[in-house]
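Here is the structure we will look at, set down as structure tokens.
Excluded from the calculations below are hydrogen atoms, water molecules and symmetry mates; all remaining heavy atoms, backbone and side chain alike, are included.
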Amino acid sequence: MNNKKINLNNKYIDKIKKVNSLYLNIYKTKQINEITREIISKNEKLNIPHVFYWWLKQNYEYSLVLQVIKLIDPDNRSVSLLTLMRKLIEDRHLSEDQYYSLWKNKLGLSENDIKEEFNRIINKNGACCAIDMITMDIKNLQEKCKKLKVYRNKILAHNNKQSIEYKITYNEIDKIIDFLKELIEKYYLLLTANSLSFDDLTDFDLVNFDSIFKFSWIENVSKINED
């Protein structure tokens with residue numbers, strides 16, 4: 001493989017790693033929210049209507065929506081999954097030969113086996129070639145994020161003159177995050193020849209996340225109540 005192809009490979013490896021890093025922030029935010037909700041739901045003293053939970057929910061939604069939207073930013077000056085996929089189409093980068101060049105020195109597999117694996121990934125959702133697969137992924141990503149973009153525009157980015165009721169649910173946000181995970185895992189494999197599974201990820205920042213809840217936040221509560 002010549003130096004031009006090596007440099008292009010390295011460029012795309014760097015891009016998908018940056019996208020992965022951005023997604024990890026989303027993944028952590030989602031995990032922290034799920035752990036916190038579980039802690040609250042299991043404690044009858046905590047599991048009551050409270051303005052604090054409204055505040056948590058609102059900030060979770062705002063944070064996740066903005067982080068996800070940044071991952072689908074179409075501006076070429078931005079680091080995003082969408083700009084990465086569009087550049088892959090523009091450069092015609094994904095191919096059997098490119099995938100083989102990444103794998104050939106790793107597992108001792110035959111050239112035919114590696115290229116068959118490449119085509120299995122490409123054809124999984126009915127695509128006939130790499131460009132067709134990327135085009136379909138872009139279309140699906142934009143469709144799934146359509147409501148999220150409206151929410152960002154109507155609720156987060158602007159104060160509309162007209163009063164509007166526009167809500168987004170945990171379930172809708174979670175589905176988008178899961179779809180992003182699938183895409184990033186797939187393109188990480190295609191561009192680096194390394195598997196990436198967020199489901200198997202041990203995030204040591206989250207291992208003892210609940211420790212913060214295991215001591216009193218307000219000291220001398222009884223004295224405060226008396227005052």
Side-chain angles (χ1 to χ4, degrees), residues 1-2 4-27 64-104 111-153 168 171-199:
M1 187 164 60
N2 60 38
K4 184 177 180 180
K5 287 184 178 180
I6 291 173
N7 289 336
L8 194 59
N9 265 340
N10 291 337
K11 180 181 80 170
Y12 276 113
I13 289 172
D14 182 57
K15 284 179 181 292
I16 191 62
K17 286 183 176 180
K18 287 179 179 178
V19 168
N20 177 50
S21 178
L22 291 172
Y23 180 80
L24 274 175
N25 290 330
I26 296 173
Y27 177 84
L64 261 294
V65 169
L66 291 174
Q67 288 185 69
V68 169
I69 292 298
K70 283 197 281 188
L71 266 187
I72 60 167
D73 187 346
D75 193 318
N76 287 327
R77 295 169 296 180
S78 301
V79 176
S80 78
L81 179 59
L82 182 58
T83 57
L84 168 62
M85 291 193 291
R86 285 179 171 173
K87 281 295 292 180
L88 285 171
I89 293 176
E90 182 181 323
D91 291 343
R92 301 293 197 270
H93 182 61
L94 289 183
S95 67
E96 289 181 338
D97 290 337
Q98 169 265 338
Y99 193 65
Y100 172 66
S101 70
L102 295 170
W103 276 99
K104 63 181 180 180
E111 180 176 353
N112 187 57
D113 287 339
I114 295 170
K115 291 185 175 182
E116 279 186 4
E117 173 67 9
F118 172 82
N119 285 300
R120 185 192 66 77
I121 297 170
I122 296 298
N123 302 147
K124 184 176 179 181
N125 294 323
C128 63
C129 60
I131 291 177
D132 187 29
M133 178 199 70
I134 303 168
T135 302
M136 290 169 62
D137 285 343
I138 290 174
K139 183 179 178 180
N140 288 334
L141 181 61
Q142 291 177 320
E143 183 64 31
K144 290 179 184 295
C145 292
K146 185 183 296 183
K147 184 176 180 180
L148 212 64
K149 290 180 72 174
V150 174
Y151 183 84
R152 189 277 308 268
N153 293 338
I168 199 87
N171 189 49
E172 288 172 316
I173 295 174
D174 286 350
K175 284 183 177 179
I176 293 168
I177 292 173
D178 290 342
F179 183 67
L180 284 169
K181 177 171 74 71
E182 291 176 14
L183 288 182
I184 292 170
E185 287 177 347
K186 177 170 69 174
Y187 284 98
Y188 197 93
L189 175 61
L190 288 170
L191 293 171
T192 71
N194 287 295
S195 61
L196 175 71
S197 176
F198 293 101
D199 293 332

Side chains of [X] and [Y]: closer than 4.5 Å at any heavy-atom pair?
| X | Y | result |
| --- | --- | --- |
| V19 | Y188 | no |
| T192 | Y187 | no |
| E117 | W103 | no |
| Q98 | N9 | yes |
| Y99 | L189 | yes |
| C128 | M133 | no |
| F118 | I114 | no |

Point to revise | Trace of the side chain to side chain contact (heavy atoms under 4.5 Å, CB included) decision for L64 with I26 | key: CA-CA 6 Å; L64 261 294; I26 296 173; 3.4 Å; yes
Measuring from [X]:[atom1] to [Y]:[atom2], what's the distance to the nearest 0.5 Å?
| X | Y | atom1 | atom2 | result |
| --- | --- | --- | --- | --- |
| K15 | N10 | NZ | CG | 13.0 Å |
| E185 | N20 | CD | CG | 9.0 Å |
| L88 | L191 | CG | CG | 5.5 Å |
| K11 | H93 | NZ | NE2 | 8.5 Å |
| Y23 | Q67 | OH | CD | 11.0 Å |
| S78 | L84 | OG | CG | 13.0 Å |

Practice item. Among L94, L102, I16, find the one that has a side chain to side chain contact (heavy atoms under 4.5 Å, CB included) with L190. Key: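 Of all the options given, the one that passes is L94.
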Review point. Which pairs with one or both residues in residues 132-141 pass salt bridge (Lys or Arg N to Asp or Glu O under 4.0 Å), sequence neighbours excluded?
Key: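 Only D137-K186 qualify under salt bridge (Lys or Arg N to Asp or Glu O under 4.0 Å).
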Exercise for review: May I have all residue pairs that pass salt bridge (Lys or Arg N to Asp or Glu O under 4.0 Å) and include part of residues 18-27, sequence neighbours excluded?
Suggested key: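 Qualifying pairs, neighbours excluded: D14-K18.
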Point to revise | Polar side-chain atom of T135 near backbone of I131 as donor-acceptor pair, under 3.5 Å | key: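 A pair under 3.5 Å: yes.
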Check your understanding: Are more than 12 heavy atoms from other residues, nucleotides or ligands located less than 6.0 Å from atom NZ of K115?
Key ->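 Yes, NZ of K115 has more than 12 neighbouring heavy atoms, counting only those of other groups under 6.0 Å.
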Check your understanding: Looking only at side chains, do D73 and S80 share a donor and an acceptor under 3.5 Å apart?
Key ->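 Note: D73 and S80 side chains miss the donor-acceptor criterion.
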Exercise for review: Please name all residues satisfying salt bridge (Lys or Arg N to Asp or Glu O under 4.0 Å) with E96, sequence neighbours left out, ordered by chain then number.
Suggested key: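 Result, salt bridge (Lys or Arg N to Asp or Glu O under 4.0 Å) vs E96: none returned.
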Check your understanding: What residues form a side-chain hydrogen bond (donor to acceptor under 3.5 Å, both in side chains) with N112, not counting sequence neighbours?
Key ->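 Scan of N112 (side-chain hydrogen bond (donor to acceptor under 3.5 Å, both in side chains), adjacent residues dropped) gives E116.
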Practice item. Can you sort out the partners of R77 under side-chain hydrogen bond (donor to acceptor under 3.5 Å, both in side chains), two or more places apart, ordered by chain and number? Key: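 For R77 the side-chain hydrogen bond (donor to acceptor under 3.5 Å, both in side chains) partners, ignoring immediate neighbours, are D75.
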Check your understanding: Does L141 have any side-chain contact (heavy atoms from CB on, under 4.5 Å) partners at least two apart in sequence or in another chain, and if so, which?
Key ->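 By the side-chain contact (heavy atoms from CB on, under 4.5 Å) rule, L141 matches I72, L81, M85, C145, F179, L180, L183.
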Point to revise | Lys/Arg N to Asp/Glu carboxylate O, K175 vs E172, below 4.0 Å | key: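 Looking at E172 together with K175, the answer is no, because their closest N to O distance does not fall below 4.0 Å.
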